[in-house]
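As structure tokens, the structure follows; a few thoughts come after it.
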Amino acid sequence: WGHNAILRVAPFMRHCALSKLPGKGSMSGEILSHDFVEAALMRRAGWSVWIAYDLPGSWEEMPPTLLDELKRDRRWCQGNLMNFRLFLTRGLHPAHRAVFMTGVMAYLSAPLWFLFLGLSPALLAVNVLSEPVYFSQPYQMFPNWPEWHPEWAARLFGATATLLWLPKLLAALLFILKPSQWRGFGGPIRLLFSVVFESLFSAALAPIRMLFHAKFVTLGLLGVAISWK
């Protein structure tokens, strides 16, 4: 799991030597986000690959500040965009192809969100400031009434809320149902409060990350490469 441990060192050395991606520009060169690429290569070689979600601890720490985390995100963003080139590699399991696509969308969603936030008020301003045209054709018998679809907004909000909060709630429920596990989190009440506070902090930081990720994706697609030292 990440840098914590590598089981079966011999096949890892045999199958996971990462070569440079051919070509020029920011989407070529050294692979910058390697963990899932190595997992895909191990699986292609016939080995079983698991995410060890039940490890008791980790020596890998989070970056100490938001800016340090965003610096790491710059490399991860570039690496995930590069990994999209591996999507059609022969012999990969469909699950790993899905992981590559998920990694791309984790960052490509930022400029899409930014674009959505920009177009939404623009569209609203057009609808509010322009005069509705009820009769667009000569001798038209029935008017064209303006159409509003608030249910579309409700579906979008519902789908987004489900994607954001359902994993958190299911994880909390999983620990609450196992008393031997939630004791390490201070009990069920504190665990639920942690979920609430984490959601609030995530919501506050999400627009900041969105702006930086949109910048990272744009620079990557424009060919501004980075190096990993």
Side-chain angles (χ1 to χ4, degrees), residues 21 23-28 33 36 66 70 73-74 76-90 92-171 173 195-196 198-226:
L21 293 178
K24 297 181 179 180
S26 59
M27 297 299 146
S28 60
S33 186
F36 289 112
L66 178 60
L70 290 170
D73 264 355
R74 173 80 188 276
W76 282 2
C77 173
Q78 186 80 24
N80 279 279
L81 294 177
M82 292 171 64
N83 289 349
F84 180 70
R85 293 185 57 184
L86 306 174
F87 180 77
L88 296 177
T89 302
R90 291 182 180 179
L92 294 187
H93 193 277
H96 293 288
R97 299 185 196 275
V99 167
F100 289 153
M101 288 301 301
T102 303
V104 171
M105 287 307 302
Y107 293 94
L108 193 59
S109 59
L112 293 177
W113 182 19
F114 183 78
L115 187 63
F116 178 81
L117 292 178
L119 292 178
S120 295
L123 181 61
L124 180 63
V126 169
N127 288 328
V128 170
L129 299 177
S130 61
E131 288 288 336
V133 179
Y134 296 106
F135 296 93
S136 56
Q137 301 293 331
Y139 308 107
Q140 183 176 329
M141 184 173 296
F142 300 104
N144 298 318
W145 298 111
E147 294 186 7
W148 301 95
H149 299 281
E151 68 277 6
W152 292 0
R155 292 172 189 168
L156 178 62
F157 176 81
T160 304
T162 301
L163 289 173
L164 291 177
W165 282 307
L166 185 60
K168 304 176 191 290
L169 297 177
L170 290 177
L173 182 62
V195 172
V196 172
E198 189 277 335
S199 299
L200 293 176
F201 280 113
S202 295
L205 293 173
I208 300 174
R209 288 196 174 96
M210 179 264 292
L211 291 173
F212 274 93
H213 289 175
K215 175 184 176 181
F216 297 159
V217 171
T218 303
L219 292 177
L221 296 179
L222 289 177
V224 181
I226 64 170

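- In this structure, CG on Asn83 lies 5.5 Å from CG on Leu86, to the nearest 0.5 angstrom.
- Ser28 places a side-chain N or O within donor-acceptor distance of the main-chain N or O of Gly25, the cut-off being under 3.5 Å.
- Of all heavy-atom pairs between Val217 and Pro111, the closest is CG1-CG, 4.1 Å.
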Considering only distance and modelled atom types, tabulate donor-acceptor pairs under 3.5 Å from the side chains of residues 128-138, sequence neighbours left out.
unit_1, atom_1, unit_2, atom_2, d
Ser130, OG, Val126, O, 2.4
Ser136, OG, Asn144, ND2, 3.1

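- Atom NZ of Lys168 has more than 12 neighbouring heavy atoms from other residues, nucleotides or ligands inside a 6.0 Å radius.
- Side-chain contact check for Phe100 versus Leu92: some heavy-atom pair is nearer than 4.5 Å.
- Atom CG of Leu117 sits about 9.0 Å away from atom CG of Leu211, to the nearest 0.5 Å.
- For the pair Arg74 and Leu219, the minimum side-chain heavy-atom distance is below 4.5 Å.
- For His93 (side chain) and Ala95 (main-chain N/O), a donor-acceptor pair under 3.5 Å exists by modelled atom type.
- Ring orientation note: the planes of Trp152 and His149 are close to parallel, at an angle under 30° on the 30°/60° scale.
- With sequence neighbours left out, Ser202 forms a side-chain hydrogen bond (donor to acceptor under 3.5 Å, both in side chains) with Glu198.
- Across Pro207 and Ala203, no two heavy atoms sit closer than the pair CD-O, 3.2 Å.
- Put simply, the side chain of Arg85 never gets that close to the backbone of Leu21: no donor and acceptor are under 3.5 Å apart.
- Under the 3.5 Å distance criterion, the side-chain polar atoms of Ser33 are left unmatched by any main-chain donor or acceptor of Trp76.
- Within the model, atoms CZ of Phe87 and CE of Met101 stand 6.0 Å from one another, a figure rounded to the nearest 0.5 Å.
- Shortest non-hydrogen contact noted between Ala110 and Ala214 is CB-N, 3.7 Å.
- With sequence neighbours left out, Trp113 forms a side-chain hydrogen bond (donor to acceptor under 3.5 Å, both in side chains) with no residue at all.
- When all heavy atoms of Thr162 and Gly158 are compared, the closest pair comes out as OG1-O, 2.8 Å.
- With contacts defined as side-chain heavy-atom distances shorter than 4.5 Å, the pair Gln78/Phe216 does not qualify.
- From Phe84, atom CZ reaches atom CE of Met27 across 11.0 Å, with rounding to the nearest 0.5 Å.
- The line from OH of Tyr107 to CG of Asp73 is 4.0 Å long, rounded to the nearest 0.5 Å.
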Is there a side-chain contact (heavy atoms from CB on, under 4.5 Å) between Leu170 and Trp165? Walk through the geometry before answering.
CA-CA 9 Å; Leu170 290 177; Trp165 282 307; over 6 Å; no
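- For Arg97 (side chain) and Thr89 (main-chain N/O), a donor-acceptor pair under 3.5 Å exists by modelled atom type.
- With rounding to the nearest 0.5 Å, the separation of CG in Leu156 from CD in Glu151 is 12.5 Å.
- Annotation for Met105 and Leu112: closest pair CE-CD1, 4.1 Å, computed over non-hydrogen atoms.
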